[in-house]
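In what follows, a structure is listed as structure tokens, so that the remarks can point back to it.
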Amino acid sequence: MTFGAPRTEYDMYQFWFRTRGCTYDRAGQCSMCNYGIGPEIDPEVVARSVERKLATVPEAACLYLSPSGSLLDEREVPAEMRDRLLRAAAARKPSTFAFESRPEVCDRDKLDQLRQHFAPGTRLVCQIGVESWDPQVRSLCHLKPTRQQAYLDTASTLLDLGFDPIANITLGGLGLSPGEAYRDTLAGVRGARAAGYRTQMVFPLSAKAGTLLGWAHDQGLWDPPTLWMLVRLLAECADDATDQDGYGDLDISWYNPELDDVVQSRPDSCERCRPVLVDSLSAFRLRPRADALAPATAWDGCPCPARTDRLLADPDPLNYLDRLVSVADRWAAQGEVSGQRGLGVS
């Protein structure tokens, strides 16, 4: 994992624990992660299991603790269980403690209580699922009808309490053309930055089995963004905001997942350019500046970069609202047969 400036690589101890599932996924309000929902859990059993694993972590490590959705959502993680897990995490005296949440549940009281578990000087990192900075795109393409002010208020509160806020921003939302997706992500990076998020984490989306994006991909209604889209995006905005030492505020995740039973289609390119792109993107994580991408941006060994440039410039007569209607109609047609619930797209 990488954090801070200058960026350094180090091991992060990640702990994902089972819950009843993400509240927003349960409500059909997500097309990003779709980690899934499940039966009710026994908090005592889960807490004991996580405590045993946390006890194996060396002191002063970097810890990441996450349920299926939001650590601060008490419908998913009961308050008593959350506090118990935080005490166990804090007992390892981590140098960094990271977690994810949503603006709807990320209030000052919970954040202040979380902070009090950890020793002064512990770096506390909170990742917020922004997805898109455009409220309409976020609501219709990602099915998250969160008011814009909530993201502004959350960034302000996190900064005020001494947390490092990270904005998780997607590339390639449902219904968006390549050009629309590119422009939406670029606007998301700049919007979240202006709101005070210290790191803008770009997630190019994949088609995962059992998710809405996976279903749309199977139906021929959606494709992941290309790796060249990600490279073009980073090269355009990486140097917009740099600190006094010349480091940028961008980071990336899920740009190189393995294809398996879950990830069925990923951001990709051809066999010739893919190694160059993955190496350049990995270098970018350590030095988030445009020149770190030089091996990729100088590449001319295949048609992939020109193909992506044509995709980005394509004046598609349809817009994402038109495409979402097609998605909703196809979903509704299948629902008449399977009894599945409707999408929040209208």
Side-chain angles (χ1 to χ4, degrees), residues 19-38 66-70 72-73 75-76 100-106 127-151 154 167-177 180-181 183-185 187-188 191-192 201-225 253-254 262-265 318-335 338-346:
T19 68
R20 65 194 294 267
C22 173
T23 293
Y24 302 93
D25 198 356
R26 294 184 75 91
Q29 292 179 344
C30 183
S31 68
M32 182 186 175
C33 300
N34 281 158
Y35 286 133
I37 58 177
S66 180
S68 301
S70 173
L72 300 183
D73 184 353
R75 291 165 293 183
E76 182 178 4
E100 293 187 44
S101 193
R102 293 280 307 154
E104 296 89 341
V105 296
C106 203
Q127 293 185 250
I128 296 293
V130 171
E131 278 71 89
S132 169
W133 202 248
D134 183 322
Q136 182 167 277
V137 170
R138 191 168 59 241
S139 179
L140 296 179
C141 299
H142 298 288
L143 305 180
K144 289 182 176 173
T146 306
R147 61 190 181 87
Q148 190 75 357
Q149 190 62 41
Y151 291 93
T154 297
N168 292 344
I169 302 166
T170 61
L171 174 63
L174 181 67
L176 298 174
S177 70
E180 288 171 332
R183 292 187 293 273
D184 179 70
T185 304
M201 180 83 75
V202 179
F203 285 73
L205 296 176
S206 298
K208 301 175 188 175
T211 70
L212 178 57
L213 290 180
W215 171 85
H217 180 263
D218 291 344
Q219 297 293 314
L221 297 171
W222 180 83
D223 285 311
S253 188
W254 279 89
V262 175
V263 180
Q264 300 179 331
S265 183
L318 301 178
N319 61 33
Y320 71 87
L321 297 174
D322 299 315
R323 294 186 208 94
L324 288 174
V325 168
S326 297
V327 171
D329 287 347
R330 183 78 60 85
W331 183 271
Q334 291 200 355
S338 65
Q340 66 195 11
R341 63 187 176 185
L343 290 177
V345 177
S346 60

(request) Can you measure from CG (L213) to CD (Q264) and round to the nearest 0.5 angstrom? (result) 11.5 Å
(message) Quick one: does any side-chain atom of S206 pair with a main-chain N or O of K208 as donor and acceptor, under 3.5 Å?
(response) no
(message) Within the 4.5 Å heavy-atom criterion, are D218 and W215 side-chain neighbours or not?
(response) no
(request) Please confirm whether the backbone N or O of E131 pairs with a side-chain atom of T170, one donor and one acceptor, at under 3.5 Å? (result) yes
(request) For R183, check side-chain hydrogen bond (donor to acceptor under 3.5 Å, both in side chains) against everything at least two apart and list the hits. (result) none
(message) Treating D184 as the side-chain partner and A187 as the backbone partner, does any N or O pair qualify as donor plus acceptor under 3.5 Å?
(response) no
(request) Just do the side chain to side chain contact (heavy atoms under 4.5 Å, CB included) check on E100 and N168 with the steps written out, would you? (result) CA-CA 10 Å; E100 293 187 44; N168 292 344; 3.8 Å; yes
(message) Could you report the tightest heavy-atom contact between A207 and P224, atom names first, then the distance?
(response) N-CG, 4.3 Å
(message) Looking at every non-hydrogen atom in both residues, tell me the closest pair between S253 and P204 and how far apart they are.
(response) O-CD, 3.2 Å
(message) Can you tell me how far apart CG (L321) and CG (N319) are? Round to the nearest 0.5 Å.
(response) 4.5 Å
(message) Distance check, rounded to the nearest 0.5 Å: L324 atom CG versus L221 atom CG?
(response) 10.0 Å
(request) Verify side chain to side chain contact (heavy atoms under 4.5 Å, CB included) between C22 and R102, making sure each step is shown before the conclusion. (result) CA-CA 10 Å; C22 173; R102 293 280 307 154; over 6 Å; no
(message) Taking W133's backbone N and O only, do any of them form a donor-acceptor pair with Q148's side chain (distance below 3.5 Å, no angle check)?
(response) yes
(request) Considering non-hydrogen atoms only, spot the tightest contact between G175 and R323 and give its length. (result) O-NH1, 2.8 Å
(request) Kindly say whether R330 contributes a backbone atom to a donor-acceptor pair with the side chain of Q219 at under 3.5 angstrom? (result) no
(message) Testing the basics here: between Q136 and Y320, what is the closest heavy-atom pair and its distance to 0.1 Å?
(response) NE2-OH, 2.7 Å
(request) Could you list the residues that satisfy side-chain hydrogen bond (donor to acceptor under 3.5 Å, both in side chains) with T19, not counting sequence neighbours? (result) E76
(request) Quick one: do W254 and L171 satisfy side chain to side chain contact (heavy atoms under 4.5 Å, CB included)? Show the steps, please. (result) CA-CA 11 Å; W254 279 89; L171 174 63; over 6 Å; no
(message) I need the L205 CG to D223 CG distance, nearest 0.5 Å.
(response) 12.5 Å
(message) For the CG atom of L174 and the CG atom of L143, what is their distance to the nearest 0.5 Å?
(response) 7.0 Å
(message) Could you report the tightest heavy-atom contact between Y151 and V130, atom names first, then the distance?
(response) CE2-CA, 3.7 Å
(request) Compare every heavy atom of S132 with every heavy atom of D134, then report the nearest pair and how far apart it is. (result) N-OG, 3.1 Å
(message) What's the separation between atom CD1 in I169 and atom CZ in F203, rounded to the nearest 0.5 Å?
(response) 10.0 Å
(message) Using a 3.5 Å distance criterion without hydrogens, assess whether the side chain of W222 forms a donor-acceptor pair with backbone atoms of G172.
(response) yes
